[in-house]
Structures are given as C-alpha cells and as structure tokens.
Student: 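Okay, here's the structure, questions in a sec.
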Amino acid sequence: MSRVPENPEATTSIRDESDPQMRARLAELEKTWQSPRGFIGWFTHVNHTSIGKRFLITAMVFFLLSGLLALAMRLQLLSPLNDVLDAQTYNQVMTVHGTAMMFLFAIPAMEGIAIYLAPLMVGARDMAFPRLNAFGYYVYLIGGTVFFLSLPFGLAPDAGWFNYVPLSGPEHSAGYGIDVWTTMITFIEVSALTAAVELIVTILKLRVPGMSLNRMPIFVWAVLVMSFMILFAMPSVIVASSFLMMDRLVDTAFFDVTLGGSPLLWQHLFWFFGHPEVYIILVPALGIVTSIVITFTQRPLFGYTAVVLALVGVGMISFGLWVHHMYTTGLPLMGRSFFMAASTMIAIPSGVQIYCWIATIWGSRPRYASPMIWVLGFFAIFIAGGLTGVMVASVPFDRQVHDTYFVVAHFHYVLIGGAVFPLMAGLHYWFPKITGRMIGEQLGKWSCAVTFVGFNLTFFPMHQLGLEGMPRRVYTYLPDLGWGDLNLLATGGSFVMAAGFGMILVNIIVSLRSGEVAGDNPWNASTLEWATASPPLNCNFAEQVSVKTANPLWDWHEQNQRAMVSGLSTTQRETIVTTLLDALPQSVMILPGPTIWPFVSAVVASICFLGLIFSPWFFVVGVFGTFATFVMWFIPPRYTTDPNADLPEEAKS
Amino acid sequence: MKTWIDIDASELPRLAPRTHPLWWGILSAVAIEAAVVANLLASYFYLMAQTEGPWPPAGTEAPPILWPTVFLVLLPLSSVTMWWAGRGSDRGDKRQLAIGVTASVGLALLALVARSFQIASFDVKWSDSAYGSILWTITGFHFTHVVSAILGTAVVAVYAWRGYFNPARQLGVIVDTLYWYFVAGIFVPIYLVLILAPRIL
Ligand code: HEM
Ligand SMILES: [Cu+2]
C-alpha cells in the first residue's frame, strides 16, 4: 500500500492554502467535526480537545479550592493553641484537602492532559470512544462538586484520605461523612477507568501509519503505562470502598473483628491501589518532563529504549510495594524485609530515567525558557523527595517517623515536585498549542521562582518538626513543645507559595487576552501535536500524516517533504486504524458525533451513586437506569453513508 | 514543503468488525472485571487465612452444590448457542443469528433461576459473619453481570430479528459475544473457590 513517490516534487502540497478546492475541502471537514454551540450544545461535545480541556480546567479549580483548604490548615497551625479551626473542622478540612488533591486534582489533571495531547501526538483525529470520554468527564464533574459541597454543609468526611477502618466503620463514624467519601471514590473510579480504557485503545489502535511502538513519543508511552496502571490498581479500591459501603449500609461484616472480619484487609486493598496511585500521577509527569527536555535541548532523547523500559519497570514494580505503608501494623519480619527490598528497587528505573535526561542535556545548549525552568524546579524538589523516600522505605527509620510531619514533608516533596511542577512545566509548554497564544515568559519564570522558594519554606521545616516528634493530623499543639517557630515559618512559606500560584493565574489570564500569537510550532518541537494549527483544528489534522521516523517534524523539515493519508471522508468523522505493533494501515473507524446521552447517563448514574448513601435499592435502580440510557447512546443509526455496507433494502427502512 | 500521498484510505474497510477498536475496548473492560474478581477472591482467601478454626466458620454449611452446578453447565451451553449465532452472522444467515442469541438469552434466564434457588438456600446471611459477607458479595457481583449480559444480548436479539446485522455490521454481535464468554468463563474460578473448595479441602 505504501509507496515512495518517484518524484515527490510532482505531487501538489495539500496544505496549499491558496488552492480554493483544498480550502473548500477543509471547510467541509471542519464543519463535520464542529462541536455544537450554545448552552445545550455544551453538554453534547465529544471532541477530545474539548473534553481534555474541561478535565484540565476542572482539575485546576479543584486544585485551587484544595489549596485554599491547605492555607486554612496552615493558619490554624501558625501558633500553638490557635483557634482558627476547631478539631472537628480541621479533620474535615484535612480529609477533603488530601482526598481532593489526590483524586480530584492529581489524577484527573494527568488524565486531562493525556486526553488532550495523546491523540494529537499519535496523529489521530479523535479518541476511540468520544462519547465515553464525555461520560467520564461529567461523572467526574458531578462527583467532585458534590464532594466539595459536603464541606459547607458539614457533611464532609473526616477520617483522613486513606479512610482507615475501624475509625471509618459504622461504629466510630456515624453520619454521612464517610458515605460521601466512598461515593466520591466510586465516581472517580468510573471516570478514571473510562479514561484509561479510552487512552489505551486510542494509543494502541489509532496511531497514524508508520508510528510503530518504537517511534511513539515518550509522553505517549507514559500515558499508556499510566492507563494500564489505572486498569489494574483501581479495582482494588473499588472492592475496598464497596466493602466499606456495604458494612455501613447493609451490615456486612468485612471489617468487623467480632464477626471474623479484618481491618487490615482494608489497608491491603487500599494500598494495593494507593501506592500505584502515586506512580499513576508520577509516570505521566515524567513523560511531560521528557518531552520538554527533548524540545529545549533540540536533540533526540538519549536512551529511548532504556527510558521506555524504565517507565514500564516503574509501573510494574509499583504494584509490589504497598506493604511499606503498613510497617507499623505488626506484620511478620520476613514480609517487612521483602517489601523494604522491593521499595529500594524502585530507585533503579528512576535512576535510569534521570541519567538519560542528564545525558540528553549534557553538552547541548538547553534553552532556558519558562517550561524548562519549571523542569529544573521539578528536578530539585523531586530528587529531595526521593531521598527521604529511600529513608522511609527502610523499616527501622519508618517506625520512628511514621505518622509524623516527616512523612507529610516527604509526600509533599514527591507530590508537588513530582506532579505539580511537571504540570506547570507542561502548562507553560503546551499553553500556545491549547490557546494559540504564548504564555508570558518573564512572569512564567518569576512565578516558578516564588513557588519554589515558598514550597521549600513550607515543607522543609516539616522534616525537622517530624524528627522532633510532631504527629501529623493534629489540629493544634502545646506551646512548651517548642514547635512554634518552625510552624510559623511553614505557614509563612505557604503564603509565599500561594502568591506564586496567584502569579501563574494572573499570567494565564493576561496571556489569554494579550499574549503573543503563537504559530503552529513555536518551540520547534518534533512531535505531531505541533503539526497542526494552534489551537488545533476541529478535525485535529487537515490530513492525517504517515510517519517514517521518531521525530517527524524535524525530519520533515530536513527532507523538505512529508507523507500523508488520503481518501478519508470529509462528511463523516473518520480516523485511520492501524496494527498494534507496526502501525500498518488496517481500516478506518467512523467516530460518533455530538450527543446529549453521555450527559444524561452520567446524571442518572450520579443520582444512583448518591442514592446508595440512603438506600441499597438505588443499586437496582442504577443498573437498569444506566442501562436504558446506554442503549439510547449506543443505538445504531438507521442508515449508513458507508460504501462497504451492502445493506439489503428492507433493513434500510 | 512537499506533501505526497503515501496511503489511500478509501480502499480500507469502514466497518471491519474483527479489528475494530471497540473490540479492544471490551477487552479492557473484561480485564477490569477480571481484576475485580481477582481482588474479591483474594479478599476471600485473606479472610479465610486470618480466621482461626474451620472455614466456612463453625456452624455454617458450605453452599449446596446442586444449583451452582446446574448454573455451571447452563452458562457454557448458552455460550455455545452464542458462538453458533456468530457463525450464522458470519455467513450472513440472519435467522441463525436471531435464533442463536435468543436461545442464549433463554438459557441464561434459566441459569438465573437456578442461581436464585441457590442463593435462597445459602445457610448464612451477609450480616452473620465475614464469610457470609464475602460469599454474598461475590455471588451478587456475578449475578449482576449475568443480568447485564442478558440485557445487552436481549437488545442485540431485538436488532437481529429486525434484520439489522449483516457480515459487515456484526460488530455489536462480536463484542457482545466476547462479553458473554467472559461472564460465563469467570464463573469457573468462582465455582471452584466458593463451592468446590470447601468440600474437598
Ligand atoms: C499547595 C500547597 C499545599 C499545602 C500548603 C499543603 C498543606 C497540607 C497540610 C497542612 C496537610 C495536613 C497535614 C496534617 O494535618 O497531617 C496536608 C495533608 C495532605 N496533603 Fe497537602 N498541601 C499542599 C498541596 C498538596 C498537593 C499538591 C497534594 C497532592 C497532590 C497534597 C496532598 C496531601 C495529602 C494526601 C495529605 C494527607 C491528608 C491526610 O492526612 O489524610 N497536598 N497538606
Ligand atoms: Cu507507597
């Protein structure tokens, strides 16, 4: 099928904008891929650029809200015996902050950036299941909103983000708080799983011809690993939260010791998900960092295969570490030693990653634009967090600092260093692609500096506080313990950090209005998302390309020619399907257009999830209700414009 | 920059039912469900391991074997009719497809009746002990899946009788069949662990 042109010069360039025939063709294609306008129209969008952007914006809003909660906690801890928040409120604020940061910000933000970028990077016109994508978004939006609303209504959960039983069981937590938690988890599971399935199939099947697995951008690899991790980690927390829901709702006895249940079962199931979760957040972040390093050094990645293996390795090893969260639960020594060794092993693939970045940067003359500055911030903070990670992975050390502020410092170094800084780097890097305008460069660098300083002022002192014995999850402390000064410093730092994030927000708003207009490829990057307009066309690519190398944009430029796919319809949504490994052309997928049904399904499902808090019968209602809406959504069109379907006459009626 | 045409997609099939991305989507869904079952069975073993004394706990009978065994036979049987329906659909035989899927729905409904008898004869309630909880949960989980597979296949059957499917358009049949095989197949480990193991161990 593929042929090298005898004389490439002879064929006309399809993107010759002056050719009226081509202009008409593109206009028709854009109309086919246009999302409906208007208020009702908003609920029918299915294009991945639209859904991905919504995920990102929603995640950022939840990040700001959880950040405000963090400031409230820091205000309370400013001085001993402070009374900004009472004990009960503190517990709720802390639980909502932790849970929302993990489930409503970090994971969805990564999913959002993946949903926006992965299809562009593999050259597809959209994702494999656009309607499922929309469904996942609404479920997330509704679940997250309800979760935050629980706080002002005084119904918020208060048993910490990992919600240990028996504290969270029916006996010790009456009221609806914990039910809100388990329900929110259900929402997030559903939306994360739909995103994962979607991303896996898109990456495996919708890559443009020629993009064999070994030519796939590292970011896409990272997203693939993340999605598989979601696929295998989420089921544990599904099971755990359903057990807890049933214990609370219909008196099952999973965690009730008197009836043969076991609280430790919760911890095993939760952490079998919870540890990989940290890597679900980290792995795509590593992909972001790699993309930026490649672009700003202007050279191909050193050790592509090693980096891919390292990502896959991190993903797999992370499933064997969960017990390191349970060192203090009285496990047998043998078990603890095993998990201690395994936890240390994760340093190997992480090290490989870091050496490949160093080798790529080495001897290049990197361009220190704002995305690269954020990447440098990531290096510094994440490596510091990794060091304390190696420390707490060791059993004797962990038994000293478990449940102290040392751990709070450690995981904020890893999470903010490993997720927030790379996300901000990615935001600065892809901002021109998403919005069509450059983000302010000066303010970009300054906001990074301020955030970096504020971050370290906030969290570095917590290491010392932890070593001095300050427990985590306390709403106050006594004056004569001598923790006042460092806490004051930490609170001061948190306001500096907040100022840093405020500067980012200002930068975004200003740049949206008056940023310099960006071209298709302002950074001279090598991957396909930069091969279309900024912001991308409705159809992503005026014509899908066929790639021959791993850095297509650079090579097109060098050879002054590129190959493309022709023969896709302009009147229905089509994208090419290729084989799994080598990306040979296989078929063409017709994608469904805008529809309201995913939104309706999400609303029905949400009502039933929420109803479960009050009555188990909502389970039955939910099964049939969502099924009915799914039928509406999948119902096949009566007719087809497709040339391959030789339908008999009677079926057409 | 010169652009040349490398691939002409107008020659490629539009409704390739066997290489369609949806097939991979269903496979992913199956992987998720399998992981849920693995977690449920692991929890079963965990609770068993940390219970001192017999399992099921003293005073509780293991579930009777008759009805689950009927269920175990009926489900694969319905998979055979499903497979036969698919064969028909491959050859463009709409009657065979329609009869096959309808037979599968019928057999599965019978299986559900058997299953309900079994559940009614459990010696333990879910609130009696952790054993009862996990037994009911795994059973209920699978029951729900059979119900949803039946609902989905019933919709396919309606479309089959209306003559909607043809060889190019049998994607719906193929993915539904895949899911059906999974629901039937996943009962085997459940049967082995919940029903057979307590009798022979
Ligand atoms: C923006 C700046 C942030 C500040 C000032 C901050 C501050 C805090 C504070 C004061 C606590 C409570 C510690 C305790 O009482 O034990 C906490 C807990 C927590 N934070 Fe943050 N945090 C920030 C960002 C983040 C981010 C970005 C994440 C994750 C992506 C995160 C995840 C958590 C988690 C999981 C907990 C534990 C909650 C629990 O103990 O159940 N935080 N944070
Ligand atoms: Cu861990």
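Just so we're clear, the structure is a prediction, and the values are computed from it rather than from any experiment. Every chain is numbered from 1 and lettered A, B, ... according to where its sequence line falls, protein lines coming before strand lines.
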Student: Below 4.5 Å, heavy atoms only, C-beta onward: do A:Phe619 and B:Thr144 meet side chain to side chain?
Tutor: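 When only atoms from C-beta onward are counted, B:Thr144 and A:Phe619 do touch, with a gap below 4.5 Å.
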Student: With chain B as the partner, which of A:Asp247, A:Val201, A:Ile576 has the greatest number of non-hydrogen pairs under 4.5 Å?
Tutor: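 Between A:Asp247, A:Val201, A:Ile576, the count favours A:Val201.
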Student: Can you tell me how far OG of B:Ser28 sits from CZ of A:Phe129, rounded to the nearest 0.5 angstrom?
Tutor: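 If I round to the nearest 0.5 Å, the distance is 7.0 Å.
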Student: What residue in A:Ile200, A:Ile238, A:Val250 has the most heavy-atom pairs under 4.5 Å with chain B?
Tutor: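 Heavy-atom pairs under 4.5 Å are most numerous for A:Val250.
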Student: Please name the pair of heavy atoms, one in B:Leu47 and one in A:Ser262, separated by the smallest distance, quoted to 0.1 Å.
Tutor: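 Where B:Leu47 meets A:Ser262 most closely, the heavy atoms are CD2-N, 4.1 Å.
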Student: Could you tell me which portion of A:Ile230 (side chain, backbone, both or neither) has an atom closer than 4.5 angstrom to a non-hydrogen atom of chain B?
Tutor: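 Neither part.
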Student: With rounding to the nearest 0.5 angstrom, report the OG to CG distance, A:Ser587 to B:Leu12.
Tutor: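 Result: 7.0 Å between the selected atoms.
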Student: Which heavy atom in A:Phe243 sits nearest to a heavy atom in B:Ser43, and how many Å separate them?
Tutor: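 Residues A:Phe243 and B:Ser43, closest heavy atoms: CE1-OG, 3.6 Å.
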Student: Below 4.5 Å from any heavy atom of chain B, which atoms of A:Leu265 appear? Answer side chain, backbone, both or neither.
Tutor: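 It is both, since atoms from each part get that close.
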Student: In Å, rounded to the nearest 0.5 Å, how long is the span from CG of A:Asp256 to OG of B:Ser133?
Tutor: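 Reported value, rounded in 0.5 Å steps: 8.5 Å.
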Student: Measure across B:Ala35 and A:Pro235 and return the closest heavy-atom pair with its distance rounded to 0.1 Å.
Tutor: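 Looking at all heavy atoms of both residues, the shortest contact is CB-CG, 3.6 Å.
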Student: Write down the atom of B:Ile7, the atom of A:Ser546, and the distance for their closest heavy-atom approach.
Tutor: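 Smallest heavy-atom distance, with atoms named: CD1-OG, 4.1 Å.
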Student: What heavy-atom pair brings B:Arg14 and A:Leu568 nearest, and what distance separates the two atoms?
Tutor: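 Result for this residue pair: NH2-CA, 4.2 Å.
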Student: With respect to chain B, which residue among A:Glu198, A:Gln559, A:Met234, A:Met589 yields the maximal number of heavy-atom pairs within a distance under 4.5 Å?
Tutor: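 Result: the option with the highest number of such pairs is A:Met589.
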Student: Which region of B:Val36, side chain (C-beta onward) or backbone (N, CA, C, O), has a non-hydrogen atom less than 4.5 Å from a non-hydrogen atom of chain A, or is it both or neither?
Tutor: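 Both parts, backbone and side chain.
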Student: Report yes or no: does B:Gln50 contribute a side-chain atom to a donor-acceptor pair with the main-chain N or O of A:Gly260 at less than 3.5 Å?
Tutor: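 It does hold such a pair.
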Student: Name the region of A:Phe254, side chain, backbone, both or neither, that has any atom closer than 4.5 Å to a heavy atom of chain B.
Tutor: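 Both the backbone and the side chain of A:Phe254 come within 4.5 Å of chain B.
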Student: Between B:Leu22 and chain A, which part of the residue has a heavy atom less than 4.5 Å away: side chain, backbone, both or neither?
Tutor: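 It is both, since atoms from each part get that close.
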Student: Counting only non-hydrogen atoms closer than 4.5 Å, does A:Leu264 touch chain B with its backbone (N, CA, C, O), its side chain (CB onward), both, or neither?
Tutor: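 The answer is both parts of A:Leu264.
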Student: Check whether B:Trp136 reaches the backbone of A:Thr252 with its side chain - one donor and one acceptor, N or O, closer than 3.5 Å.
Tutor: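 Between the backbone of A:Thr252 and the side chain of B:Trp136 there is no qualifying donor-acceptor contact (under 3.5 Å).
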Student: With a 4.5 angstrom heavy-atom cut-off, could you sort out which part of B:Pro21 is near chain A: side chain, backbone, both or neither?
Tutor: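 Both backbone and side chain.
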Student: Mark yes when over 12 heavy atoms from residues, nucleotides or ligands other than B:Arg95 sit less than 6.0 Å from its CZ; otherwise mark no.
Tutor: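 Count not over threshold, so no.
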Student: For atom CZ of B:Phe117, decide whether the heavy atoms of other residues, nucleotides or ligands shown that lie under 6.0 angstrom number more than 12.
Tutor: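 Counting other residues, nucleotides and ligands, CZ of B:Phe117 stays at 12 neighbours or fewer.
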Student: Is A:Val239 close to B:Phe141 at the side-chain level, that is, under 4.5 Å between some pair of heavy atoms?
Tutor: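 Answer no - side chains too far apart.
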Student: Quick check on A:Val565 against chain B: is it the side chain, the backbone, both or neither that has a heavy atom closer than 4.5 Å?
Tutor: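 Both the backbone and the side chain of A:Val565 come within 4.5 Å of chain B.
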Student: Which bit of A:Met246 is near chain B, if near means a heavy-atom gap under 4.5 Å: side chain, backbone, both or neither?
Tutor: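 It is the side chain, since no backbone atom gets that close.
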Student: Would you compute the distance between atom CG of B:Leu40 and atom CG of A:Leu269 and round it to the nearest 0.5 angstrom?
Tutor: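 Taking CG in B:Leu40 and CG in A:Leu269, the distance rounds to 9.0 Å.
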Student: Check the pair B:Ile32, A:Val197 against side chain to side chain contact (heavy atoms under 4.5 Å, CB included), reporting the backbone distance first and the verdict last.
Tutor: CA-CA 9 Å; B:Ile32 296 170; A:Val197 169; 3.8 Å; yes
Student: Once you round to the nearest 0.5 Å, how far does NE2 of B:His20 lie from NZ of A:Lys205?
Tutor: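 It comes to 10.5 Å.
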Student: So which part of A:Val545 gets closer than 4.5 Å to some heavy atom of chain B, the side chain, the backbone, both or neither?
Tutor: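 When you check distances to chain B, no heavy atom of A:Val545 falls under 4.5 Å.
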Student: Which heavy atom in B:Ser127 sits nearest to a heavy atom in A:Asp251, and how many Å separate them?
Tutor: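 That would be CB-O, 3.1 Å.
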Student: To the nearest 0.5 Å, tell me how far A:Glu543 CD sits from B:Thr3 OG1.
Tutor: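 Going from the CD atom of A:Glu543 to the OG1 atom of B:Thr3 covers 6.5 Å.
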Student: Measure distances from A:Phe624 to the heavy atoms of chain B and classify the residue's part below 4.5 Å as side chain, backbone, both or neither.
Tutor: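 Just its side chain gets close to chain B.
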Student: Is there a side-chain contact between A:Met564 and B:Ile5 (heavy atoms, below 4.5 Å)?
Tutor: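 Yes - at least one pair of side-chain heavy atoms lies under 4.5 Å apart.
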